[in-house]
Amino acid sequence: MKNVIITICFLILLSFFSENILPEGKMKAAVKSVFSCLAILCVLSPVKDFLEGDLSFGEINAGSVFDIDYYYTDKYFSSYKDRMEKTVNSIIETAEIDGSATITYSVDDRYKFVVEKVTVKIEKSVINSENDNIHITDELRGQISRYLSISNEKVVIVYE
């Protein structure tokens, strides 16, 4: 991969100098076409290697070249969690239940957001023969788990 980048840079420099040196005319257009074809071949060679399974990034790996700024990743995941909580709280509100949700999450080794648990705190709830709160909470658990693509067991409903 490093060789491909060096070759492309060399071609760009050579193309630049040849365009500036050659006079206007058919010769300049022909040289420009040749350099364009060479550039396309250089760009496509890693694609061919990738399709054949021979692509190697050499010294490039996540630890040496790309430093991860954990401040921004934490900020991003926290913001993502807040947006999800806002949507889950609107689901709770739509079900006409007094309550709020808190999402507990983790980030796996591939920096994927994983919902560990959703805690729904229901306040001022009365269960009686006229009220179907038990069925509503089951339905609410199902809606939240479908929205977050998690199992029903990860949605915990707590009455306060």
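Atom set for the values below is all heavy atoms of this structure, side chains included, hydrogens, waters and symmetry mates excluded.
To the nearest 0.5 angstrom, K86 atom NZ is 14.5 Å from K81 atom NZ. Taken from CD1 in I122 to CD1 in I97, the straight-line distance is 5.0 Å, to the nearest 0.5 Å. In this structure, CG in N89 is found 5.0 Å from CD1 in I92, a value given to the nearest 0.5 Å. Atom CD of E123 and atom OG of S100 lie 6.0 Å apart (nearest 0.5 Å). Residue S36 holds its OG atom at 9.0 Å from CG of L38, rounded to the nearest 0.5 Å. Atom OG1 of T102 is separated from atom CD of E85 by 5.5 Å, given to the nearest 0.5 angstrom.
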With side chain to side chain contact (heavy atoms under 4.5 Å, CB included) as the test, would you mind laying out the steps for Y105 and V114 before giving the verdict? CA-CA 6 Å; Y105 72 96; V114 179; over 6 Å; no
Could you walk me through whether V155 and I150 pass the side chain to side chain contact (heavy atoms under 4.5 Å, CB included) test, one step at a time? CA-CA 8 Å; V155 180; I150 58 174; 3.9 Å; yes
side-chain hydrogen bond (donor to acceptor under 3.5 Å, both in side chains) evaluation trace for R83 with T87: CA-CA 6 Å; R83 288 191 310 270; T87 304; over 6 Å; no
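Contact detail for S90 and T94: the closest heavy-atom pair is O-OG1, 2.7 Å. Closest heavy-atom contact between N152 and G142: OD1-CA, 3.8 Å. I103 and M84 get closest at one heavy-atom pair: CD1-CB, 3.6 Å. Nearest heavy-atom pair across T119 and K117 is OG1-CE, 3.4 Å.
In this structure, V118 and V120 have side chains that are in contact, with non-hydrogen atoms separated by less than 4.5 Å.
By the 30° and 60° cut-offs, the orientation of the rings of Y80 relative to F113 is perpendicular.
Under the 4.5 Å side-chain heavy-atom criterion for Ile, Leu, Val, Met, Phe, Trp and Tyr, L41 and I6 are members of distinct hydrophobic clusters. The hydrophobic cluster containing V158 does not contain V115, counting ILVMFWY residues as joined when their side-chain heavy atoms lie under 4.5 angstrom apart, directly or transitively.
Checked by atom type and distance alone, the side chain of K121 never pairs as donor or acceptor with a backbone atom of I157 at under 3.5 Å.
Using modelled atom types, one finds a donor on one side chain and an acceptor on the other under 3.5 Å when comparing S106 with E116.
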